[in-house]
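The structure appears below as structure tokens.
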4 protein chains.
Amino acid sequence: MRILNNKAYDVKIAYIGGGSRGWAWGLMSDLAMDDSMNGTVCLYDICSESTEKNCIIGNKYSSLKDSKGEWTYTVAYNLADTLQDADFVIISILPGTFEQMRSDVHSPEKYGIYQPVGDTVGPGGFIRALRTVPMFVEIASAIKEHSPNAWVINYTNPMSVSLKALYTVFPEIKAFGCCHEVFETQKLLAQMLYDCKGIEATREDININVLGINHFTWIDFARYHDIDLLPIYSEFVKTHYDEGYILRKGSDWRSDLFASAERVKFDLFCRYGYIAAAGDRHLAEFCPGSWYLQSPESINRWRFKLTTVDWRVANLEEKLMRRERLITGEESVVLNATGEEGHILMQALLGIREIISNVNLPNIGQVRNLPLGTIVETNAIFRSGEIRPVVSGKVPENILGVMAHHVYSQEMTVSAAISCDKELAFSVFANDPLVTISLEEAKELFNTMISNTLPFLPEKWRN
Amino acid sequence: MRILNNKAYDVKIAYIGGGSRGWAWGLMSDLAMDDSMNGTVCLYDICSESTEKNCIIGNKYSSLKDSKGEWTYTVAYNLADTLQDADFVIISILPGTFEQMRSDVHSPEKYGIYQPVGDTVGPGGFIRALRTVPMFVEIASAIKEHSPNAWVINYTNPMSVSLKALYTVFPEIKAFGCCHEVFETQKLLAQMLYDCKGIEATREDININVLGINHFTWIDFARYHDIDLLPIYSEFVKTHYDEGYILRKGSDWRSDLFASAERVKFDLFCRYGYIAAAGDRHLAEFCPGSWYLQSPESINRWRFKLTTVDWRVANLEEKLMRRERLITGEESVVLNATGEEGHILMQALLGIREIISNVNLPNIGQVRNLPLGTIVETNAIFRSGEIRPVVSGKVPENILGVMAHHVYSQEMTVSAAISCDKELAFSVFANDPLVTISLEEAKELFNTMISNTLPFLPEKWRN
Amino acid sequence: MRILNNKAYDVKIAYIGGGSRGWAWGLMSDLAMDDSMNGTVCLYDICSESTEKNCIIGNKYSSLKDSKGEWTYTVAYNLADTLQDADFVIISILPGTFEQMRSDVHSPEKYGIYQPVGDTVGPGGFIRALRTVPMFVEIASAIKEHSPNAWVINYTNPMSVSLKALYTVFPEIKAFGCCHEVFETQKLLAQMLYDCKGIEATREDININVLGINHFTWIDFARYHDIDLLPIYSEFVKTHYDEGYILRKGSDWRSDLFASAERVKFDLFCRYGYIAAAGDRHLAEFCPGSWYLQSPESINRWRFKLTTVDWRVANLEEKLMRRERLITGEESVVLNATGEEGHILMQALLGIREIISNVNLPNIGQVRNLPLGTIVETNAIFRSGEIRPVVSGKVPENILGVMAHHVYSQEMTVSAAISCDKELAFSVFANDPLVTISLEEAKELFNTMISNTLPFLPEKWRN
Amino acid sequence: MRILNNKAYDVKIAYIGGGSRGWAWGLMSDLAMDDSMNGTVCLYDICSESTEKNCIIGNKYSSLKDSKGEWTYTVAYNLADTLQDADFVIISILPGTFEQMRSDVHSPEKYGIYQPVGDTVGPGGFIRALRTVPMFVEIASAIKEHSPNAWVINYTNPMSVSLKALYTVFPEIKAFGCCHEVFETQKLLAQMLYDCKGIEATREDININVLGINHFTWIDFARYHDIDLLPIYSEFVKTHYDEGYILRKGSDWRSDLFASAERVKFDLFCRYGYIAAAGDRHLAEFCPGSWYLQSPESINRWRFKLTTVDWRVANLEEKLMRRERLITGEESVVLNATGEEGHILMQALLGIREIISNVNLPNIGQVRNLPLGTIVETNAIFRSGEIRPVVSGKVPENILGVMAHHVYSQEMTVSAAISCDKELAFSVFANDPLVTISLEEAKELFNTMISNTLPFLPEKWRN
């Protein structure tokens, strides 16, 4: 890699999970639209057919005539080859198949435990973590061996646990985790500013201080120029508490499985006085089961949906068909900014620009009242060769009561997953705030879910 | 005060809450049986009739012919007089009347929230804290002015919050909190040792490491000489999990409102692998509502009772009648060791002996993973002029998830009570793990309970 | 104050020490050259003649035809009036007169203790602190009363102790300290880059991570785009170790009392492997006396000078004459950027721009291995309504040995100065690494220096 | 090992350095006089002749008719055999020979650096650490493999660095370090109590709070029953400051190379107001060179001597002759309590008794303002199966300035010694407060000293 006149040449990106349907294409589009870098993207996935097909699609993006970044897409068939000479490693994998996800999300329903996402915390998030961590252990070892100086960007959930696994295996790793949930809250604040004050602003205009853990992140300071947004938000919440608020026309919670009416966010503001900065579906999973997820009816009252895995299966089908059309040329690849910041953060780390953005990193002081080493989400400065988190202060103590539970679980989850310690694993599982059932029932549910995910667990779990 | 030949003369004890029916008489008995100290006990209470009557009873204890400690009991009518020249200050008060206690314990039942004690955490403990803190603020100010060098022993609940209030107002105060709940668990371990190994031991023989917060204290190390008691306890729990265990013949949970069958303790051991060191009725209140206190039926299954305030009212009647009998001489005062350690700790602080015992103190390093300043319960060395807590290690992380919630509430509770900040108070109230109701219902309950306790709250609450 | 189209109107700056000869004129020039803000600068000084004269000069800057910022200069005669409605408070005062400074710098020479500056640490810095702190106590109280929400920028030395005093009196104060020493080191790195690689860069192009305490600040990371500057510096040091390096033509250490040949900086690099980011004259004062300041001869070998107070007296004469010329118009005021960042930081805090720069602030996590609350110097993000220090990591442990000594003194110095505790003061004084004399001699020197500065100490010192 | 009726049977002690002349015989005597334990002592030393001879002597002690402990002494020829089944491991070795010690102590004298002991800090202590650490690395590995559950008692200097090495290699090791320097200070206080108040007390009667690092340990609280000893010490210091104080008749500093007149201790009290709890010869080495060790003359004025290695060589000769006499029976072994507490601590850990004593351990919270993990010296409770340090508070900040330097060096020294990093080693060496010479001279001295100790350094140092 070289920098010349503020442009980066021969950048090497290793993309683990490069066979993805959808997310990969977004990255390809972002890279193609960015004129400040060029180089190679080496795709790797456990499904080599998918990788090969995405390679074709990637090169189609590159050869679009309005493409500005010149990227060559290649395929690797093992981690060692993928990581060779990498400047950046992107990790965006799906741990397990939809069958595992089905168990994560739906098995607990029999016990009255409802999860809108099931990929971060709760019984589903925990079981997903158990199968994700061993994959990240393998990846971390490979990075340590083959590309120890590369910047590693993780997009995989559960975010905190995945990053913690990387740092546990290879403490010197230069890994960080990106998530767009905070961006959405910035957009909500921008929209609020327009509604309440008639001021048009982009999400980048909304200065915020971010602190917490991924998917349970909070904003305790928000400004647009010299305007303090917290008092305005307070009024906004009062106005919309009962009915909720539809941020995006056409993205109504009644029809869109991923949408919400922000009612959980508003309720949390009434409880704590700070702005929760993630989607309602995620936020609800961190709270005591009695608050938002007591029953399908109560979820309906809070105005969001439980995402079914059936929907995901159907949606995948569509994407696979689209993939074929893209390859045959029946459908053309089209440049379209995703709003993700991955390529911008790369520019910054290469020294081409400077940006302040929110990011997941081990706590080295950015959040004073969470333990050092916990993976936390705060703002950081990205610039030439460095990511420096800002000192973001303390999580408000009231919120901390609910948050700390998950923070303490984080490390134990990684530890149980690495050591395959079934007893510790169950102890953490039964302790989750959503697991409001007896120890006996919890044991039964745990055994069922472990059994369903067993094909993706290390050998030790079979003993 | 002077020490001569390892005996203390002219010790001055100021006893706030000295009009108590029952507890005071126990102290009088303990002091009378102790030949290493003598001096004056100055009683003070908001009810002067009670103080005066207890003064008579106290002097009866002193004049028993087998009484070894020579103590004179006097009465004071304000804090300043009480504290004058005190070497020790004992605080053992009942904040409010049974009417307030009735509201604390029973008001939440309408919302399906059941509390066996209601004096530490949960909605009842919180409201009790709101009226207790201002009293401790007043006491702390008086101690700061009149007896800043006295050792201050608190027995009042909520323990942690009361102590925190003392230290908030007067950071140099030499206050500590005593609670016998841990002793009971030592006795359980001694009894277990007899049952399982045929070894007879007293509670003092059971070496333990104690850590946590009052009424949610834990033992992670327990030995009798070279015998590790944890594996034995593990077997013991397996044997008795289903049926529970009756520690004291004649103190069956079916008939004794304060007894339990230790099933909560055993369930917590199954969850975490450590020994919970408090009574089941207290322990249950710290856990998510869905675990032990879901309904009167589930409480019955866990084999303990909800203590009614009616019972307490009736019990008080009996004590008042006994008081009259003691004063008239119809009934004689009798020496009877209580098992409380108060007088022994005094001896130690005077330099007469040395003892290691559990105590509530601000965290200055004794529990590594709880915030500095939190009131924690651990072992400490008591000896001439000093209490030095031992470094007790880390609360196991799994337990910490549940414990931290209460730790963070502790400081906010004191802060809300001192500042009379209704908004913060409600935020803490609604955040309690037992408050598994909607924000709206929580608000309603909060208002009712505040209104019931209003006569004991500072003026500001009436605005 | 209002913001319109990214320009700030009616900004109110309160300038304490506004009678300064020199520094004030620089600020006037910077403000006049800045088209993004306008408003009022209210000057205050204990010498009202100086304030009034500077007011005239300030308004001359404003009325220059190429002046872009429109500022009105006014005079106040007490702190209350000065601070009224202030958006920003600038503190840049000289504590005491040259007579006190003469004692600070020269009294210790009799004992073989040489100080090139004597305003930060060492016996001189300590005594200066004793008379500065009470002034800052007064200022902090006034700010608390009259402008609690203003941003407070301190330029006064001793920097750390002054800021600590502000925060001790008024913990919620929004104060920070600016110092240009780090800029000079950035310039040195830029010059080095040119010398070694032929690359032209400005100081702003040199990305650094800064950490330490004022005047003993360190750089452990330095980049120009993708070029790591530390290995280059290592070579640079080898080349210039013996002879030193003259950064600025015409600013030779042989003729310029404030210049150095960077030999201390180079020696410290050889010792520790990190770049010291302050002038040699300051750096040397933090180190054991035997390293650089053993004797005038050794100082000469290290290639810098001991600044005499005589020179300062003469220099002041010149400035006073120039002041008269400026007022009479004999000499015209001329716009000339100072390179100070004060006005840029103001812009940022008003929300007009965003900047990352080094700043002195209480440690809230930015330096992990220095105590919380210590005034430290690191980078921070300045933007609308907030200063967020970045997590700068740990001071390298070897450096910490020398640095910690001063860190621990910082708090004790403030505490001794506020409480007028002569015993504590002497204990800190005698403990300074430059005070390499016997306790008896130290006492003698201490008494002499206290006596010389007594007119500027609170009454209590006279007892 | 078994405990019966509060007596321990079949205790196995592994004694590394068991060939020692003098120290070993003391232990043998202590064990023989203790009727609460019996078992086997397995001696190991790099010099097998010494071990074998000590084995004979040990068994002579056991067969004395007034010997109460029944101990069998055996010899092992490698670490594995030595450690097999050990309940306790004693480490008391001399790292290197007198030739190395000669270089440690005397080489720096050429540069004006004088060290009375040279085994803890200063250039001598540092070089000694470099050759000691690899030995402890080997021992720690062997313990990890062969006796991971044994209690490990270290007596070797440098104490802190040796323990740190053990914990670095095997973090779960149950190691602690014993040193009698604090006992001597307790004896001084007891003697003072007799002189000033006519009260006879033993050192065990003197309650103290201990905190700091080995050989630079401090007492901030000292009581005899209800008597506060600090004000008495303050008077005592005033009285004896000029002339010093001879604690032991017949142990005058003019004739006894290991004695002092406590003048350093008194001077440090004048500086800081706390009692330094180690011998003057050790204390002086931790302070800036200009305070006590400037020249042989100044050392003489401070009233202690520089111990020469020649003396040690001569002394060894005497001991070897005595050894022969003991073996031939020309001289009889005689029971004589050493005053060391090793055997008492063993009893406590076996559950036979309980004791509070000072001990060196990694900081887990016992000293709040020293880094976690630093080897610190404080009081601890020793009882069945556990050592629990007490929370000893904060090192007074003034003292911390001087102490911290050594604390930071501790970890770097271990790190440099393990990694054989010559550059880091030199950086630490040159940073020592006694190394008041130029970088160039320091380099020269460092190279000389390394070269002298090279036979005892790992291979890597030869590159």
Side-chain angles (χ1 to χ4, degrees), chain A residues 1-9 11 87 149 204-211 220-230 347-356 361-370 372 376 378-394, chain C residues 1-9 11 87 149 204-211 220-230 347-356 361-370 372 376 378-394:
Chain A
M1 195 271 303
R2 297 156 300 126
I3 307 283
L4 273 178
N5 299 324
N6 226 25
K7 178 163 176 174
Y9 295 84
V11 174
D87 298 301
N149 295 315
E204 287 85 356
D205 294 334
I206 307 296
N207 267 14
I208 51 176
N209 186 55
V210 172
L211 80 178
D220 65 353
F221 176 97
R223 306 265 287 201
Y224 171 78
H225 291 277
D226 58 331
I227 303 172
D228 183 353
L229 301 181
L230 270 126
Q347 288 171 31
L349 293 169
L350 292 170
I352 292 170
R353 58 175 291 173
E354 188 170 293
I355 182 173
I356 298 168
L361 278 174
N363 189 17
I364 55 168
Q366 58 268 56
V367 185
R368 202 200 304 180
N369 55 359
L370 291 180
L372 292 174
V376 294
T378 69
N379 280 332
I381 299 172
F382 290 77
R383 55 185 194 176
S384 174
E386 59 173 347
I387 305 177
R388 301 266 170 202
V390 302
V391 180
S392 305
K394 295 182 173 181
Chain C
M1 193 268 307
R2 296 154 302 125
I3 307 284
L4 272 179
N5 298 324
N6 228 26
K7 178 162 176 174
Y9 295 84
V11 175
D87 298 302
N149 295 314
E204 286 86 355
D205 294 333
I206 307 296
N207 268 11
I208 52 178
N209 186 55
V210 171
L211 80 179
D220 65 353
F221 176 96
R223 309 263 287 198
Y224 172 78
H225 290 277
D226 58 330
I227 302 173
D228 183 355
L229 301 181
L230 270 126
Q347 286 172 32
L349 293 169
L350 292 171
I352 292 169
R353 56 176 293 175
E354 187 171 295
I355 182 173
I356 297 167
L361 278 175
N363 189 17
I364 54 168
Q366 59 268 52
V367 184
R368 207 205 297 184
N369 55 359
L370 291 180
L372 292 175
V376 295
T378 68
N379 280 332
I381 299 172
F382 291 75
R383 55 183 192 176
S384 174
E386 58 173 348
I387 306 177
R388 301 265 170 203
V390 302
V391 180
S392 305
K394 295 181 174 182

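Throughout, protein chains are lettered first and strands after them, A, B, ... in sequence-line order, and every chain is numbered starting at 1.
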Looking at [X] and [Y], would you say the former's side chain and the latter's main chain have a donor-acceptor pair under 3.5 Å?
| X | Y | result |
| --- | --- | --- |
| C:N363 | C:L370 | yes |
| C:N209 | C:D220 | no |
| C:N379 | C:I208 | yes |

Checklist entry - Is it the side chain or the backbone of A:L350 that comes within 4.5 Å of chain C heavy atoms, both, or neither? => result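 Contact with chain C: backbone only.
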Item to check | Which atom of A:A222 lies closest to which atom of A:L230, heavy atoms considered | outcome: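 Scanning both residues, the minimum pair turns out to be N-CD1, 3.8 Å.
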Item to check | For C:S384 against A:F221, the heavy-atom pair lying closest together | outcome: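 Closest approach of C:S384 to A:F221, heavy atoms only: O-CZ, 3.4 Å.
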Checklist entry - Among C:I352, C:L372, C:D228, C:T378, which has the most heavy-atom pairs under 4.5 Å with chain A? => result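 So the answer, after comparing C:I352, C:L372, C:D228, C:T378, is C:L372.
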Checklist entry - Among C:G351, C:P389, C:A380, C:G365, which residue forms the greatest number of heavy-atom pairs with chain A at distances under 4.5 Å? => result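 Of C:G351, C:P389, C:A380, C:G365, C:P389 has the most heavy-atom pairs under 4.5 Å with chain A.
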Checklist entry - Is it the backbone or the side chain of C:I356 that comes under 4.5 Å from a heavy atom of chain A, or both, or neither? => result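 Side chain of C:I356 only, per the 4.5 Å heavy-atom cut-off to chain A.
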Item to check | chain A contact via C:E354 - which portion, at a heavy-atom distance below 4.5 Å | outcome: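 Only the side chain of C:E354 comes within 4.5 Å of chain A.
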Item to check | Options A:Q366, A:R2, A:E386, ranked by heavy-atom pairs under 4.5 Å with chain C, top entry | outcome: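 Among A:Q366, A:R2, A:E386, the one with the most close pairs to chain C is A:E386.
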Checklist entry - Pick from A:L349, A:D226, A:I227, A:V367: which one has the most heavy-atom pairs with chain C under 4.5 Å? => result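 When all of A:L349, A:D226, A:I227, A:V367 are compared, A:D226 has the most.
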Checklist entry - Under a 4.5 Å cut-off applied to non-hydrogen side-chain atoms, are C:L211 and C:V376 in contact? => result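 Of all side-chain heavy-atom pairs linking C:V376 with C:L211, none is under 4.5 Å.
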